[in-house]
Engineer: 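Structure incoming, see below.
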Number of protein chains: 2
Amino acid sequence: MRLSTKGRYAVTAMLDLAINGKNGPVTLAEISENQGISLSYLEQLFAALRSKELVRGVRGPGGGYYLGKSSDEISIANIICAVDEWVEFTRCGGRQNCSGGARCLTHTLWDDLSSEIFNFLANISLGDLVRRNLGKKDGEEPSLNVVANADSQAA
Amino acid sequence: MRLSTKGRYAVTAMLDLAINGKNGPVTLAEISENQGISLSYLEQLFAALRSKELVRGVRGPGGGYYLGKSSDEISIANIICAVDEWVEFTRCGGRQNCSGGARCLTHTLWDDLSSEIFNFLANISLGDLVRRNLGKKDGEEPSLNVVANADSQAA
DNA sequence: TGATTACCAAGTGATTTAGTAGGAATTAAC
DNA sequence: GTTAATTCCTACTAAATCACTTGGTAATCA
């Protein structure tokens with residue numbers, strides 16, 4: 001499994017698209033400008049997003065990108081999976097040669113852990129992020145209490 | 001932020017240590033054998049774990065590693081942070097030149113998201129994992145319902 | 001003394017990251 | 001119909017990271 005800045009770029013760009021795409025498509029040049037991400041790198045990320053139908057491109061002057069679905073139908077997990085390919089590889093392909101050993105024991109456990117994180121991200125939609133953002137002024141700290149996790153206490 | 005196989009290696013090794021270290025220290029050679037991780041790579045991971053006092057090494061014959069604290073005092077987040085350095089870097093160091101722009105807006109939001117994940121991992125201790133494991137037989141699927149998250153629903 | 005272990009530092013091939021470069025295809029505006 | 005704006009596509013690249021190897025040194029037990 002994997003969850004790095006690449007996914008963050010994609011989420012940031014999609015959020016920009018969700019916020020600024022209300023009236024007409026948004027160009028990658030604008031997102032590049034807004035978010036400080038290189039244009040060609042954005043193109044590559046959006047190629048992946050498009051293949052998963054999370055965005056829809058319109059060519060020519062006045063073109064740009066729309067969201068492929070409503071922002072409430074797009075989860076953060078969707079976005080990250082599109083660009084980052086959330087593979088949680090088992091070292092022992094399938095179930096061979098790790099029947100009772102400590103290796104298999106720990107890896108199924110780690111897979112459970114990563115699927116918990118997946119569920120967490122799958123329960124936050126792009127629409128949630130937009131609403132959380134627009135409801136706040138700049139100085140305020142936007143808290144992110146989403147569906148999945150009500151009682152998070154700091155360590 | 002970052003959460004890859006390197007952290008998984010460390011968690012796996014620590015779990016092995018917690019399970020097999022009841023009576024006497026465990027050598028890295030044993031963990032290497034059990035988990036299929038190269039010995040020298042383990043050494044590097046354990047150098048990081050030792051610097052955070054999560055493990056304690058004993059040299060010489062009959063030596064090996066102990067846990068540095070009780071397994072209930074070590075969280076998964078502790079382990080991952082030790083080897084993976086959980087940096088959630090803000091592109092605009094501090095608060096310069098992103099007062100109201102969309103950039104800062106999205107990055108504080110992403111930071112919230114990553115701290116949610118951090119809290120999630122911080123609420124699972126190594127002891128939790130051990131108990132979850134030992135209570136099960138091999139064939140069974142070990143469910144991972146931990147303190148932090150009671151109501152996880154699949155997406 | 002010798003074996004066994006942790007410790008330490010440097011190097012390496014493969015992969016990923018974040019980006020450049022250079023185009024081709026589509027379409028709106030002139 | 002030409003031009004400009006935009007998406008789309010392929011290939012390349014420097015830097016970083018991953019997982020590992022090599023070759024040691026230091027401590028400690030028998």
Side-chain angles (χ1 to χ4, degrees), chain A residues 1-13 17 20-21 24-33 35-68 80-87 89 91 103, chain B residues 1-13 17 20-21 24-33 35-68 80 82-87 89 91:
Chain A
M1 131 168 210
R2 166 164 314 241
L3 204 153
S4 66
T5 51
K6 193 174 175 185
R8 191 226 288 247
Y9 271 15
V11 172
T12 302
L17 190 54
N20 298 323
V26 181
T27 68
L28 291 188
E30 289 175 277
I31 297 179
S32 169
E33 174 84 8
Q35 309 300 336
I37 306 172
S38 111
L39 177 59
S40 282
Y41 196 43
L42 273 178
E43 286 178 352
Q44 289 166 46
L45 295 180
F46 272 68
L49 294 172
R50 187 163 35 81
S51 78
K52 294 285 167 47
E53 295 181 332
L54 298 178
V55 296
R56 188 165 44 86
V58 177
R59 298 198 198 186
Y65 278 97
Y66 291 99
L67 289 183
I80 291 176
C81 287
V83 299
D84 238 357
E85 29 202 330
W86 192 295
V87 276
F89 29 2
R91 287 172 69 87
R103 178 186 299 187
Chain B
M1 116 158 228
R2 164 164 315 241
L3 205 153
S4 65
T5 51
K6 193 173 174 185
R8 190 226 288 247
Y9 272 16
V11 172
T12 302
L17 190 54
N20 298 323
V26 180
T27 68
L28 291 189
E30 288 175 278
I31 297 178
S32 169
E33 174 83 10
Q35 308 301 334
I37 307 171
S38 109
L39 177 60
S40 282
Y41 196 44
L42 273 178
E43 287 178 351
Q44 288 165 45
L45 295 180
F46 272 70
L49 294 171
R50 188 161 35 81
S51 78
K52 294 285 167 45
E53 293 181 335
L54 297 179
V55 297
R56 188 164 45 86
V58 177
R59 298 199 197 186
Y65 278 97
Y66 292 100
L67 289 182
I80 290 176
V83 300
D84 238 357
E85 31 200 329
W86 192 295
V87 276
F89 31 1
R91 288 172 69 87

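Residue numbers begin at 1 in each chain, while the letters A, B, ... track the order of the sequences.
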Engineer: Specify the closest pair of heavy atoms between A/A13 and A/F46, including all atoms of both residues, with the distance to one decimal.
Structural biologist: CB-CE1, 3.8 Å

Engineer: Looking at residues at least two apart in the chain, or sitting in another chain, which of them share a side chain to side chain contact (heavy atoms under 4.5 Å, CB included) with B/E30?
Structural biologist: B/V26, B/T27

Engineer: Expressed as a whole number of angstroms, how long is the span from A/L42:CG to C/dT17:P?
Structural biologist: 16 Å

Engineer: Check every strand shown and say whether A/Y65 touches a base, only sugar-phosphate, or nothing at a heavy-atom separation below 4.0 Å.
Structural biologist: sugar-phosphate

Engineer: Does A/S38 place a side-chain N or O at less than 4.0 Å from the phosphate oxygens OP1/OP2 of C/dT20?
Structural biologist: yes

Engineer: Within the structure provided, determine whether A/Y65 and A/L54 are in side-chain contact (heavy-atom separation under 4.5 Å).
Structural biologist: no

Engineer: Please write out the pairs of protein N or O atoms and N or O atoms of nucleotides 11-16 of chain C separated by less than 3.5 Å, giving the distance to one decimal.
Structural biologist:
{"unit_1": "C/dT16", "atom_1": "O3'", "unit_2": "A/R2", "atom_2": "NH1", "d": "3.3"}

Engineer: Could you check whether any side-chain heavy atom of A/D84 comes within less than 4.5 Å of a side-chain heavy atom of A/Y9, counting everything from C-beta outward?
Structural biologist: no

Engineer: How long is the line joining CD1 of B/I80 and P of D/dC18, in whole Å?
Structural biologist: 13 Å

Engineer: Indicate yes or no for a side-chain donor-acceptor contact from A/S32 to the backbone of A/S38 under 3.5 Å, with no hydrogens or angles considered.
Structural biologist: no

Engineer: Nearest whole angstrom, please: distance from the C1' of D/dG23 to the CG of B/L39.
Structural biologist: 13 Å

Engineer: Would you please test B/Q35 and B/L42 for side chain to side chain contact (heavy atoms under 4.5 Å, CB included) and show each step?
Structural biologist: CA-CA 10 Å; B/Q35 308 301 334; B/L42 273 178; over 6 Å; no

Engineer: What is the distance, to the nearest angstrom, from the CD1 atom on B/I31 to the P atom on C/dT5?
Structural biologist: 13 Å

Engineer: Rounded off to whole Å, could you give me the CZ-to-C1' distance for the B/F46 and C/dT5 pair?
Structural biologist: 14 Å

Engineer: Between P on C/dG22 and CD on A/E43, what's the gap in Å once rounded to a whole number?
Structural biologist: 14 Å

Engineer: May I ask you to say what A/S40 touches in the nucleic acid, namely base, sugar-phosphate or nothing, with a heavy-atom cut-off under 4.0 Å?
Structural biologist: base

Engineer: Are B/I80 and B/K6 packed together at the side-chain level, in the sense that at least one heavy-atom pair is separated by less than 4.5 angstrom?
Structural biologist: no

Engineer: So which heavy atom on B/A82 is nearest to which on B/A48, and how close?
Structural biologist: O-CB, 3.5 Å

Engineer: Whole angstroms only, please: what is the OH-P distance between A/Y41 and D/dA15?
Structural biologist: 17 Å

Engineer: Under 4.0 Å between any heavy atoms, over every strand shown, what does B/L28 touch: base, sugar-phosphate, or nothing? Just pick one.
Structural biologist: sugar-phosphate

Engineer: Given side chain to side chain contact (heavy atoms under 4.5 Å, CB included), test A/E43 with A/L28 step by step and report yes or no.
Structural biologist: CA-CA 7 Å; A/E43 286 178 352; A/L28 291 188; 3.7 Å; yes

Engineer: Identify the pairs formed between an N or O of the protein and an N or O of nucleotides 26-30 of chain D at a distance under 3.5 Å, and give each distance.
Structural biologist:
{"unit_1": "D/dA26", "atom_1": "N3", "unit_2": "B/R59", "atom_2": "NH1", "d": "3.2"}
{"unit_1": "D/dA27", "atom_1": "O4'", "unit_2": "B/R59", "atom_2": "NH1", "d": "3.3"}

Engineer: C/dA6 phosphate, OP1 or OP2: any side-chain N/O from B/R50 under 4.0 angstrom?
Structural biologist: no

Engineer: Roughly, in whole Å, what's the span from CG in B/L49 to P in C/dA6?
Structural biologist: 13 Å

